[in-house]
Visitor: 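Structure provided below as structure tokens; questions to follow.
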There are 2 protein chains.
Amino acid sequence: MNQSGSISGFPCEQQMPYRQLLDEGQVELLQRNSNVVNYNKKDIIFRQNTRTSHIMLMVSGMVKIFKEGRNERTVLLRLATPGEYIGMMSVMGDQIHQYSATAIENADICFIDINAYRNVLMENGKFSLQLTNLISQDGLFIFNRLMSQTHKQLPGRIADVLLYFAEQIYKQPHFDFPLTRRELAELAGTTKESFIRTLTEFKNDKIIYLDGSRVEIISMDIVKTLSELG
Amino acid sequence: MNQSGSISGFPCEQQMPYRQLLDEGQVELLQRNSNVVNYNKKDIIFRQNTRTSHIMLMVSGMVKIFKEGRNERTVLLRLATPGEYIGMMSVMGDQIHQYSATAIENADICFIDINAYRNVLMENGKFSLQLTNLISQDGLFIFNRLMSQTHKQLPGRIADVLLYFAEQIYKQPHFDFPLTRRELAELAGTTKESFIRTLTEFKNDKIIYLDGSRVEIISMDIVKTLSELG
DNA sequence: TTATTAGGATGATTTATATCATCTCTCTTT
DNA sequence: AAAGAGAGATGATATAAATCATCCTAATAA
């Protein structure tokens with residue numbers, strides 16, 4: 001098993017979305033049936049095509065969710081940060097993971113027993129409805145990311161990656177890429193070389209400042225325009 | 001309003017997934033808060049970026065769900081047939097339709113009041129859980145279709161379209177395309193010309209029989225192989 | 001009835017981007 | 001310390017598929 005996986009009794013209560021909709025008994029039930037697992041950078045959390053076993057909730061760190069294709073092609077779907085469920089759609093869908101997840105930095109993940117969780121869903125309609133909401137939003141999000149990869153050309157896709165980090169992940173226009181160029185390319189749906197080339201063009205055109213993994217978006221307007229033009 | 005939309009009191013009960021999980025009162029509540037609308041071929045059912053208003057359940061006919069891009073590019077996501085919800089992910093997600101739907105043949109669609117439906121979800125955990133399941137499967141499905149469009153090359157994508165009709169829609173290896181070549185191309189994530197060319201190659205290679213919109217898959221094995229090779 | 005538009009089909013040309021090749025630099029690993 | 005591996009970068013080349021152009025036919029409108 002490629003996971004450093006040390007189990008701790010640490011509660012994951014504070015990261016659970018809509019925890020306030022749960023009553024004491026429900027919190028306690030989930031508490032009794034969950035535990036936090038620590039992963040080191042590069043550890044595999046789950047592989048696609050394996051059976052789902054638990055509800056997984058990010059407590060700390062960052063994880064990449066990706067689909068592995070037959071011919072080496074892998075597609076990076078999204079990054080998951082604390083407070084987000086991972087693999088939820090597969091758990092609720094067909095019980096087989098449709099994608100893989102690995103830690104891109106040390107991460108703590110809360111594992112919750114599926115049956116306990118389902119019981120809570122069944123007896124708490126409001127909580128359940130909110131979960132439906134979360135899953136739907138997650139679906140729409142991945143869906144938009146894939147649309148970007150499918151139907152925009154390179155500059156638009158690279159712009160989307162920049163916006164993804166600036167708006168969704170770090171919520172500021174300057175940040176360090178937490179991924180290699182290869183992984184960034186997988187996130188943009190292209191190759192490492194093409195990604196580098198286009199990013200360099202952005203740099204030369206003074207749209208961004210770039211030094212290694214350090215990025216600063218100089219002209220957010222242009223990036224957004226590129227994203228919209230596709 | 002571009003809809004022939006005549007309202008009838010016809011019940012949509014028999015098409016509702018997991019209707020057996022509902023009790024009499026719940027069925028009656030949904031019944032009182034729903035009505036069937038008839039659409040003619042080519043009628044628009046809803047447009048993307050509009051607010052969601054009702055839960056919509058297909059009663060008869062066929063509908064195409066698609067995303068309209070800025071530069072004329074539209075992507076056909078899936079077809080919906082009786083017993084399927086349409087726009088559910090948007091209703092449950094962010095209340096704004098993320099895609100459009102039009103009837104590709106005369107269709108009856110059951111419109112259910114969102115609040116009535118949500119009330120049922122909240123008081124019936126089993127039903128609610130099944131809905132979560134449906135939405136997840138829907139998400140995974142669209143997700144796989146888009147993966148096909150993004151990361152397979154033409155023959156693989158055309159093969160996927162053939163398999164979609166043969167396995168999902170008609171459940172037999174011979175059928176009539178219910179769409180124009182342009183729409184089929186949108187379903188495959190390509191252009192009309194490229195779609196026609198590749199389909200003609202399939203015909204010349206005796207993988208399929210083809211005459212106008214009539215298709216018969218001669219070698220299902222080859223089609224599946226093409227799909228898998230990508 | 002003729003004119004116009006939309007669908008289908010093919011060939012020629014262009015183009016975006018993947019692929020291949022090479023080089024440097026920095027880490028590991030031994 | 002040497003050697004190997006992985007990341008980043010850039011130029012040259014190949015290629016899949018889009019675009020453009022044309023033609024035919026059938027449906028629809030004037």
Side-chain angles (χ1 to χ4, degrees), chain A residues 40-42 64 69-76 102 104-105 148-161 176-205 208-215 226 229-230, chain B residues 40-42 64 69-76 102 104-105 148-161 176-205 208-215 226 229-230:
Chain A
N40 289 327
K41 191 170 175 168
K42 296 193 177 176
K64 66 170 179 175
R70 358 211 151 259
N71 38 8
E72 286 297 298
R73 263 215 174 303
T74 79
V75 186
L76 218 164
T102 72
I104 59 171
E105 54 183 58
S148 156
Q149 290 187 10
T150 326
H151 298 277
K152 288 185 181 181
Q153 50 195 60
L154 259 185
R157 303 204 301 255
I158 306 310
D160 282 341
V161 168
D176 284 338
F177 282 133
L179 302 171
T180 65
R181 296 292 195 262
R182 163 166 296 285
E183 289 169 313
L184 290 167
E186 286 165 2
L187 190 59
T190 181
T191 57
K192 186 181 63 158
E193 294 95 321
S194 294
F195 185 91
I196 290 172
R197 255 187 270 275
T198 308
L199 204 63
T200 304
E201 275 170 38
F202 283 14
K203 179 188 183 178
N204 293 339
D205 294 347
I208 59 170
Y209 164 86
L210 180 68
D211 178 35
S213 59
R214 182 75 195 160
V215 191
L226 284 168
L229 288 180
Chain B
N40 289 328
K41 191 171 173 167
K42 296 196 178 176
K64 66 170 180 177
R70 4 219 145 252
N71 38 6
E72 284 297 297
R73 263 214 176 305
T74 78
V75 186
L76 217 164
T102 72
I104 60 172
E105 54 184 59
S148 155
Q149 290 188 11
T150 326
H151 296 278
K152 288 184 181 181
Q153 49 196 62
L154 259 186
R157 284 183 275 165
I158 307 310
D160 281 342
V161 168
D176 285 338
F177 281 134
L179 302 170
T180 66
R181 296 293 195 261
R182 162 165 296 284
E183 289 169 313
L184 289 167
E186 287 165 1
L187 189 59
T190 181
T191 58
K192 186 181 64 157
E193 295 95 321
S194 294
F195 184 91
I196 290 172
R197 255 186 269 276
T198 308
L199 204 64
T200 305
E201 275 170 39
F202 283 14
K203 180 188 183 179
N204 293 339
D205 294 347
I208 59 169
Y209 164 86
L210 179 68
D211 178 36
S213 60
R214 182 77 196 159
V215 191
L226 284 168
L229 289 180

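Not measured: the values here are computed from a predicted model.
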Visitor: Tell me the interatomic distance from B/E186, atom CD, to C/dG8, atom C1', rounded to whole angstroms.
Guide: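 Taking atom C1' of C/dG8 as the reference, CD of B/E186 is at 15 Å.
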Visitor: Is A/R181 reaching over with its side chain to a backbone N or O of A/K192, donor-acceptor style, under 3.5 angstrom?
Guide: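 Checked: no pair found.
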Visitor: Side-chain N or O of A/R181 versus OP1/OP2 of D/dG6: is the shortest distance under 4.0 Å?
Guide: no
Visitor: Between B/T191, B/T180, B/L76, which is the residue that forms a side-chain contact (heavy atoms from CB on, under 4.5 Å) with B/E186?
Guide: B/L76
Visitor: Starting at atom CZ of B/R197, determine the distance to atom C1' of C/dA9, rounded to an integer number of angstrom.
Guide: 9 Å
Visitor: A/E193 CD to D/dG11 P: how many Å, rounded?
Guide: 13 Å
Visitor: Mind calculating the distance between CD (B/Q153) and C1' (D/dT15) to the nearest angstrom?
Guide: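 So the CD-C1' distance, B/Q153 to D/dT15, works out to 10 Å.
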Visitor: Would you say the side-chain atoms of A/T200 pair up with the backbone N or O of A/I196, donor to acceptor, closer than 3.5 Å?
Guide: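 Such a contact is found between A/T200 side chain and A/I196 backbone.
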Visitor: From the list D/dA18, C/dT17, C/dA9, which nucleotide is the closest neighbour of the side chain of B/T190?
Guide: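 Side chain of B/T190 sits closest to D/dA18.
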Visitor: What's the closest nucleotide to the side chain of B/T191 if the choices are C/dG8, C/dA18, D/dA18?
Guide: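 My answer, after comparing the listed nucleotides, is D/dA18.
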Visitor: At 4.0 Å (heavy atoms only), tell me whether A/L154 reaches a base, stays on the sugar-phosphate, or touches nothing.
Guide: sugar-phosphate
Visitor: Rounded to whole Å, please give me the gap between CG in B/L199 and C1' in D/dA17.
Guide: 16 Å
Visitor: Can you check the B/K41 NZ to C/dA6 C1' distance for me, whole Å?
Guide: 13 Å
Visitor: Nearest to the B/I196 side chain among D/dA17, C/dG8, D/dT10, which nucleotide is it?
Guide: C/dG8
Visitor: Between B/L179 (CG) and C/dA6 (C1'), how many Å, whole number?
Guide: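 About 16 Å, once rounded to whole Å.
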Visitor: If the cut-off is 4.0 Å, is A/S194 near the phosphate of C/dT17, judged by side-chain N/O to OP1 or OP2?
Guide: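 Checking A/S194 against C/dT17: no side-chain N or O falls below 4.0 Å of OP1 or OP2.
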